Amino acid sequence: GDGKPELGTISPFHGNSLTIYHLDEHDNYVPQWKLPLPEKETEMLHATWCCELLGKIDGLDPRYDIHLIGRLQTNKVKYIAPFVAMIHAVDSYHLLEEINRQALKNGRTIPVLLQIHVAKEETKFGFSFEECTDMLSNRPWRELQGVEISGLMCIASNTEDTEQVKAEFHSMNTYFGQLKDTFFAHSTAFARRSWGMSDDWPLALAAGSNMVRIGSHIFGPRTYPNP
């Protein structure tokens, strides 16, 4: 539509370039765009936190659609609402309302993904299946004109047990289908199945994912600041 490359659908990489693939109407992955890998990490946006995103926004190539993939606090929404292309980790109705409020202030509709908690670790965030269904059944989300629920996101358990990871991803795919049939049957926007990261993206694709988040396999392991 607007000529911008769609980053992040699936991103296998070879040598010194990153190939972006598009999922066509037949669920085939078609090469869409090739991006040379940067010499320095800071030359390419891969923001997880809002403060990290704001620190990298100046000078970013305007062709890039900017996605925030990490947990977002409600008091930070106002800083990214003017430009963010998608927010991946909506884990409460309160956050959805705040994104809506800030989007309307900026004359925008912001696509969002609902984060589902399927992992065994308590450190992961998101709605349970039951909480998400309850929210969609009982909250007036359809009245929120500043947000567009575009799909679901999850992070699987950090484990070497591939059967557990497969089960979590497959449960997500099943739940996505249930929501599509129940709440989003007439929504063309509700199409993103975002699960899979550097260590488990092949399992995610086999379980219906059409958007994976590749970070450490491109940039190397992250170094987190001391608290």
Side-chain angles (χ1 to χ4, degrees), residues 1-11 18-24 29-38 41-92 95-116 126 141 144-155 176 184 187-197 201 204 209-215 218-219:
D2 59 6
K4 291 184 178 181
E6 180 179 350
L7 301 180
T9 302
I10 169 175
S11 304
L18 173 70
T19 303
I20 311 302
Y21 287 75
H22 170 69
L23 186 69
D24 68 14
Y29 289 97
V30 180
Q32 183 180 16
W33 193 59
K34 183 166 283 190
L35 174 71
L37 291 181
E41 178 183 11
T42 54
E43 292 176 2
M44 183 176 179
L45 180 69
H46 61 295
T48 301
W49 303 307
C50 181
C51 58
E52 181 182 29
L53 173 58
L54 293 172
K56 293 181 177 181
I57 189 65
D58 289 341
L60 183 69
D61 189 321
R63 292 180 304 163
Y64 292 169
D65 279 338
I66 302 169
H67 291 210
L68 185 74
I69 64 174
R71 199 176 190 204
L72 178 61
Q73 296 174 302
T74 54
N75 65 345
K76 299 295 196 304
V77 176
K78 60 187 176 184
Y79 299 116
I80 65 171
F83 60 83
V84 71
M86 178 177 282
I87 295 172
H88 284 230
V90 174
D91 58 2
S92 71
L95 177 57
L96 190 67
E97 286 184 308
E98 181 61 15
I99 296 169
N100 176 71
R101 190 169 75 88
Q102 296 298 334
L104 293 177
K105 279 186 177 182
N106 287 276
R108 302 188 63 215
T109 299
I110 299 176
V112 302
L113 303 179
L114 303 179
Q115 182 171 1
I116 307 299
W141 56 273
L144 305 180
Q145 299 301 306
V147 294
E148 181 176 67
I149 298 178
S150 299
L152 303 180
M153 184 274 271
C154 81
I155 301 173
F176 176 91
F184 299 97
S187 170
T188 57
F190 189 80
R192 300 289 191 179
R193 290 164 285 171
S194 179
W195 44 91
M197 300 172 70
W201 66 265
S209 175
N210 59 16
M211 175 180 278
V212 297
R213 301 176 300 280
I214 307 298
I218 299 171
F219 301 104

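Count residues from 1 along the sequence. For clarity, every value in this text was computed on a predicted model and none was experimentally measured.
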Atom [atom1] of [X] and atom [atom2] of [Y]: how far apart are they, to the nearest 0.5 Å?
X	Y	atom1	atom2	answer
His88	Cys154	NE2	SG	13.0 Å
Leu113	Ile87	CG	CD1	10.0 Å
Leu114	Met153	CG	CE	10.0 Å
Phe184	Ile149	CZ	CD1	4.5 Å
Gln115	Ser194	CD	OG	9.5 Å
Asn75	Leu72	CG	CG	8.5 Å

*Please, which pairs that meet salt bridge (charged side-chain N to carboxylate O under 4.0 Å, His left out) have at least one residue in residues 78-87, sequence neighbours excluded?*
none
Given 3.5 Å as the limit, does a donor-acceptor pair link the side chain of [X] with the main chain of [Y], or not?
X	Y	result
Asn100	Gly146	yes
Arg108	Ala81	yes
Asp91	Arg71	no

Closest heavy-atom contact between [X] and [Y]?
X	Y	answer
Asn210	Ala191	ND2-O, 2.9 Å
Val84	Leu68	CG2-N, 3.9 Å
Val90	Leu95	CA-CD2, 3.9 Å

*asked:* If the condition is side-chain contact (heavy atoms from CB on, under 4.5 Å), which residues does Lys105 pass it with, not counting sequence neighbours?
replied: Arg101, Gln102
*Applying side-chain contact (heavy atoms from CB on, under 4.5 Å), name anything that partners Thr109, two or more places apart in sequence or on another chain.*
Glu148
*Classify the ring geometry between Phe190 and Phe176 as parallel (under 30°), tilted (30 to 60°) or perpendicular (over 60°).*
parallel
